[in-house]
Amino acid sequence: MPAKLPSTIAALLLKWYDRHARVLPWRSPPGAPRGDPYRIWLSEVMLQQTQVATVKPYFETFTRRWPDFAALAAAEDADVMAAWAGLGYYARARNMLACARAVANDHGGRLPDSEAALRALPGVGDYTAAAVAAIAFGRRAVVVDANVERVVARLAALETPLPRAKPEIRALTDTITPDDRAGDFAQAMMDLGATICTARSPRCLLCPLSGACAAERSGEPESWPRRERKRARPHRRATFFWLRRGDSVLLVRRPEKGMLGGMRALPTGPWQDDAPGLAGAPVDAEWVMTERIVQHGFTHFTLEAVLAASDVTGHIGDNVGEWWPIADLESAGLPTVFAKAARIMKETRW
DNA sequence: AAATCGTGGCG
DNA sequence: TCGCCAAGATT
């Protein structure tokens, strides 16, 4: 039988939001005029699967350097990818650029204000389209992110595990989303999820919805949402190649598709189950297998990379990648796994 | 439509 | 310490 939620939820939540809304760089306070759609869109893209505290410094950097769609659309790919380095999920950066250029070229430099038109833009899925339509343009839209999923699953004490419960959660969220202030309602749900109705230890004593929450009544609210078992993360091995020429090291650009797509990187061999040795070396040289190892956890596997090193002279490697000054590697915009490797190799002799 | 795609924080 | 999780989108 389909669950049902009390009709008082939106009013209770909006009253709480009027007093407790977080102050965020991309947000206009409750009651104030709506904020800049560019900043709202940019924040939503950065916030995909990423927490507020992580996003803040990147948001400041990006908005200072590229303050509007025109500026971002005109930016160099390499500059944008380097500025994104460390934030993760690098496909977002490529899609963000494509989206900015689509807005500049096909929409007169302004975001479309309907959920359907937003949904058609690169990197804009169901969540982001609804969030931007509601927050930036005042449209009624049903906004469902991981916070909303958790809050709604608890309010209704849904026994269906995620991700199977998504359709039912969306339907329930629809029933409690107000026609007016849908953007504030969405942000209130997310603030509640981030600060009160947290995943591990919900603060039900502070929650404005505790009286309407079936999970709180059960005495074990932290046991929601129910989830399917996740399979264990496999382990992979690889070799990273540290090729030095004078004061520089060889960097390559990774393919657009796949892991760390489009990012600058150290050359690597294949990532596989067993140690690949020197397979995939960028140049034919006298490689030394160092004792140094980089361990890094990705979303769906962990990586153990052995660092191979070599010193060369002349024009070796010139047509493979770019020679980057070792002292200035921070400005290369390396994903974290390669930044770790570089930090190690800068102080390693072989 | 299940798999793929980063990183940092927290209990 | 380590598994879990987060303002998801894409194929």
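Numbers restart at 1 for each chain; the letters A, B, ... are given by sequence-line order, proteins then strands.
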Quiz item: Does A/T50 place a side-chain N or O at less than 4.0 Å from the phosphate oxygens OP1/OP2 of B/dG6?
Solution: no
Self-check item: A/W16 six-ring face occupied by A/R19 cation (under 6.0 Å, within 45°)
Solution: no
Practice problem: May I ask you to establish whether A/R236 and A/F301 are in a cation-pi arrangement, using a distance under 6.0 Å from NZ or CZ to the six-membered ring centre and at most 45° from the ring axis? | Solution: yes
Quiz item: Between atom CE in A/M259 and atom P in B/dT7, what is the gap in whole Å?
Solution: 8 Å
Exercise. Using a cut-off of strictly less than 4.0 Å, decide whether A/Q48 has a side-chain nitrogen or oxygen near OP1 or OP2 of C/dG8.
Key: no
Self-check item: Nucleotide nearest A/D145 when distance is taken to its side chain, options C/dT11, B/dA3, C/dG8
Solution: C/dG8
Quiz item: OP1 or OP2 of B/dC5 less than 4.0 angstrom from a side-chain nitrogen or oxygen of A/H300, does that happen here?
Solution: yes
Exercise. Decide yes or no for A/D273 and A/R237: does some side-chain heavy atom of the first lie under 4.5 Å from some side-chain heavy atom of the second?
Key: no
Quiz item: Just checking A/R227: base, sugar-phosphate only, or nothing, at a heavy-atom cut-off of under 4.0 Å?
Solution: sugar-phosphate
Quiz prompt | Rounded distance (Å) that lies between atom C1' of B/dG8 and atom OH of A/Y89 | solution = 12 Å
Exercise. Using a 4.0 Å heavy-atom cut-off across all strands, classify A/L24 as base, sugar-phosphate, or nothing.
Key: base
Quiz item: Within the structure shown, what part of the strands sits under 4.0 Å from A/G297 by heavy-atom distance: base, sugar-phosphate, or nothing?
Solution: base
Self-check item: Most 5' of A/S201 and A/T336 on DNA chain B, judged by nearest nucleotide
Solution: A/T336
Quiz item: Rounded to whole angstroms, how far apart are CE on A/M46 and C1' on B/dG6?
Solution: 15 Å
Quiz item: So does A/K257 get a side-chain nitrogen or oxygen closer than 4.0 Å to the phosphate oxygens (OP1/OP2) of C/dT10?
Solution: no
Quiz item: Taking the nucleotide of DNA chain C with the closest heavy atom to each, which residue, A/A194 or A/G123, is nearer the 5' end?
Solution: A/A194
Practice problem: Can you tell me the distance, in whole Å, between the CD atom of A/Q295 and the C1' atom of C/dC2? | Solution: 13 Å
Quiz item: Closer than 4.0 Å, any side-chain N/O of A/Y90 to the OP1 or OP2 of B/dT7?
Solution: yes
Self-check item: Options B/dG6, B/dT7, C/dG8, nucleotide nearest the side-chain atoms of A/H296
Solution: B/dT7
Quiz item: Whole Å only: how far is the CD atom of A/E222 from the P atom of B/dG11?
Solution: 13 Å
Exercise. Give the nucleotide from the list B/dA3, B/dG9, C/dT11 with an atom nearest to the side chain of A/R231.
Key: B/dA3
Quiz item: From C/dG8, B/dG9, B/dT7, pick the nucleotide closest to the side chain of A/F298?
Solution: B/dT7
Exercise. Return the value, rounded to whole Å, for the distance between atom CZ of A/R236 and atom C1' of B/dG6.
Key: 14 Å
Quiz item: Roughly how many Å is it from CD in A/E256 to C1' in C/dA9, rounded to a whole number?
Solution: 17 Å
Quiz item: Where the side chain of A/R92 is defined as all heavy atoms beyond and including C-beta, which of B/dC10, C/dA6, B/dG6 is the nearest nucleotide?
Solution: B/dG6
Exercise. Go through C/dA6, B/dC10, C/dG8 for me and flag the one nearest to the A/Y127 side chain.
Key: C/dG8
Quiz prompt | A/E322 with A/R264: basic N within carboxylate O range, under 4.0 Å | solution = yes
Exercise. Taking all non-hydrogen atoms of both residues into account, name the closest pair between A/A75 and A/V80 and its distance.
Key: CB-CG2, 3.6 Å
Quiz prompt | Selected nucleotide, minimal atom distance to A/T128 side chain, candidates C/dG8, B/dT4, C/dT10 | solution = C/dG8
Exercise. Report which part of the nucleic acid A/W41 touches: base, sugar-phosphate, or nothing (heavy-atom distance under 4.0 Å, all strands).
Key: nothing
Exercise. Would you kindly give the CZ-to-P distance between A/R233 and B/dC5, to the nearest whole Å?
Key: 14 Å
Self-check item: 5'-most by nearest nucleotide on DNA chain C - A/L121 or A/V52
Solution: A/V52
Practice problem: Considering just the side-chain nitrogens and oxygens of A/R150, establish if one lies under 4.0 Å of OP1 or OP2 belonging to C/dA6. | Solution: yes
Exercise. Look at all strands and tell whether A/M190 reaches a base, only sugar-phosphate, or nothing, counting heavy atoms closer than 4.0 Å.
Key: base
Practice problem: Begin with the C-alpha distance, continue with both residues' side-chain angles, and end with the deciding distance and a verdict on side-chain contact (heavy atoms from CB on, under 4.5 Å) for A/L260 and A/F298. | Solution: CA-CA 11 Å; A/L260 312 175; A/F298 291 101; 4.3 Å; yes
Quiz prompt | Check: A/R200 side chain, C/dC5 base, donor-acceptor under 3.5 Å | solution = no
Quiz item: Is the backbone of A/G269 close enough, under 3.5 Å, to the side chain of A/T239 for a donor and an acceptor to pair up by distance?
Solution: no
Quiz item: If you check the A/A146 side chain, which of C/dA6, B/dG11, B/dT7 turns out closest?
Solution: C/dA6
